[in-house]
2 protein chains.
Amino acid sequence: MSENVGRWLRDEIENAILSNEFRPGTRLDEMVLANRFGVSRTPVREALIQLGAIGLIEIRPRRSAVVVDLPPRRVYEMFEVMAELEGLAGSLAARRLDDDSRKAIASAHDRCERSAGAGDSDAYYYDNEEFHKAIYAASRSDYLAEQCAQLHRRLRPYRRLQLRVHNRLSTSFSEHRAIIEAIFAGDSETARKLLQAHVGIQGERFSDLVASIAAR
Amino acid sequence: MSENVGRWLRDEIENAILSNEFRPGTRLDEMVLANRFGVSRTPVREALIQLGAIGLIEIRPRRSAVVVDLPPRRVYEMFEVMAELEGLAGSLAARRLDDDSRKAIASAHDRCERSAGAGDSDAYYYDNEEFHKAIYAASRSDYLAEQCAQLHRRLRPYRRLQLRVHNRLSTSFSEHRAIIEAIFAGDSETARKLLQAHVGIQGERFSDLVASIAAR
DNA sequence: ACTTGGATTTCTGTATACAATTTCATTGCG
DNA sequence: CGCAATGAAATTGTATACAGAAATCCAAGT
């Protein structure tokens with residue numbers, strides 16, 4: 001349990017939302033949550049307020065908070081920004097790469113190779129996250145890394161859908177290879193472009209995603 | 001007053017921080033704030049929690065919240081991300097420009113011209129903000145516009161310092177002219193580059209800013 | 001059957017109470 | 001003179017109480 005109940009609850013509820021237990025549109029009754037976690041309403045409210053500030057839930061005065069339902073258009077916009085920031089992270093990483101970062105990226109890439117080879121989509125999902133985080137860290141910009149990680153987490157449910165698409169797993173992995181090459185070669189512009197494309201909102205790939213969102 | 005006391009307090013305290021009444025490092029005692037605003041500690045806490053989630057203050061469990069003091073390095077990183085997002089907004093605006101957005105940008109630009117001509121730095125500061133917001137809106141990406149506006153607000157105190165720099169006001173205005181030309185011509189790549197440069201973290205300009213932060 | 005009006009219940013917003021922890025000052029010792 | 005220990009005061013975290021707004025329900029009328 002975290003250092004105080006409010007933060008712990010924030011994490012619990014956030015997980016419940018991101019893992020789709022609390023679906024978009026679900027009303028979050030403070031008393032129900034308080035009972036479920038065996039605490040009073042006060043820390044529940046504090047957790048909800050934090051989630052509201054992040055944009056994960058909507059807090060309407062005098063009415064229950066509800067899990068926000070992102071319209072496909074907005075998901076698209078978020079991927080668009082994500083692509084831009086990932087591209088920036090990649091280009092900075094290519095310029096500022098040092099030995100530790102190089103090792104971290106390479107080892108994350110190896111783990112991706114293993115899980116991709118095994119066809120283990122869940123494991124790949126996790127390793128992929130680590131790979132991207134290694135690139136954020138290599139950018140040497142803490143703020144950028146935080147923003148990227150936050151968006152990454154926020155878009156997690158939609159990325160999951162993306163990975164289910166036919167062949168996405170092996171495609172993703174081969175894209176990683178090219179990205180690593182560019183970063184290790186110090187080619188910042190190529191790294192940027194490849195990462196932007198990798199986040200993948202161009203053309204048909206995103207239409208597929210939108211279709212899966214609509215079909216959910 | 002807002003719809004509930006918590007939100008109102010959040011805005012009040014946020015303003016006090018951004019206007020530098022509550023300086024970085026200041027301890028925010030809940031009881032002191034409650035007395036000052038004539039309310040109980042409960043809504044004060046809720047306001048603080050929201051500001052903590054935004055990153056404006058730091059909430060350390062069992063100790064007072066304090067106004068965050070951004071290290072120069074982090075300010076630099078934030079400007080770096082801001083430049084990237086402004087660039088994206090500009091390039092999208094160039095591609096997606098419609099008649100209403102064109103008019104909004106042009107009129108904001110006119111107002112900038114007036115205040116720049118009058119040498120009114122405070123007025124220009126406000127009009128400049130509107131000019132940038134018009135570009136965000138023209139990007140037709142609500143999410144991007146929100147992110148830009150948020151960062152813009154967060155960096156407000158540092159932008160103010162920037163404007164005080166010698167000749168910055170007229171330089172800024174002539175940069176606007178070039179940006180508008182690129183956007184109106186539909187030249188997305190030029191718009192992106194000009195806006196990135198306009199946010200201005202390259203070379204000596206940013207060193208000046210860092211110097212002013214350190215000298216504050 | 002469907003709507004409308006009002007009573008009733010439920011739930012949120014704020015205040016207050018109390019326990020637990022931190023902070024601060026004071027005292028005692030090296 | 002500096003530093004550690006101890007105790008009091010201040011401050012935070014959580015629970016609870018209560019008032020007021022919203023949601024719900026039910027009955028009467030069209």
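Chain letters run A, B, ... following the sequence lines, proteins first, then strands; residues in each count from 1.
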*Applying side chain to side chain donor-acceptor pair (under 3.5 Å), which residue pairs with at least one partner in residues 29-41 of chain B are found, sequence neighbours left out?*
B/E21-B/R36, B/E30-B/R41, B/E30-B/R45

*Taking the side chain of B/S40 as its heavy atoms from C-beta onward, which of C/dT16, D/dT12, D/dT14 lies nearest to it?*
C/dT16

_Positions of residues 60-68 of chain B (non-hydrogen atom under 4.0 Å from DNA chain D), listed by number_ = B/P61, B/R62, B/R63, B/S64

*From C/dT12, C/dT14, D/dT12, pick the nucleotide closest to the side chain of B/D29?*
D/dT12

*Could you state the CG-C1' distance from B/N4 to C/dA15, rounded to the nearest angstrom?*
15 Å

*Measure from CG on B/L28 to P on D/dA10 and round the result to the nearest Å.*
20 Å

*Rounded off to whole Å, could you give me the CG-to-C1' distance for the A/N35 and D/dT14 pair?*
15 Å

*Could you give the CG-to-C1' distance, from B/L9 to C/dT14, as a whole number of Å?*
11 Å

_Residues forming a side-chain contact (heavy atoms from CB on, under 4.5 Å) with A/R154, sequence neighbours excluded_ = A/L56, A/V68, A/L70, A/M78

*Taking side-chain contact (heavy atoms from CB on, under 4.5 Å) as the test, write out the residues that go with B/P157, two or more places apart.*
B/L18

*Start at the 5' end of DNA chain D and walk down; is the nucleotide closest to B/R27 or to B/T42 reached first?*
B/R27

_Protein-nucleotide distance (B/M31, atom CE; D/dA9, atom P), rounded to Å_ = 18 Å

*According to the interplanar angle, ranging from 0 to 90°, do the rings of A/H176 and A/F131 count as parallel (below 30°), tilted (30 to 60°) or perpendicular (above 60°)?*
parallel

*Who are the side-chain contact (heavy atoms from CB on, under 4.5 Å) partners of A/P61, not counting sequence neighbours?*
B/E3, B/N4, B/R7

*Nearest-Å distance, CD (B/E46) to C1' (D/dT12)?*
15 Å

*Could you state the CZ-P distance from A/R41 to D/dT16, rounded to the nearest angstrom?*
12 Å

*Residues that B/F37 engages under ring pair (Phe, Tyr, Trp, His ring centres under 6.0 Å), provided they are two or more places apart*: B/W8

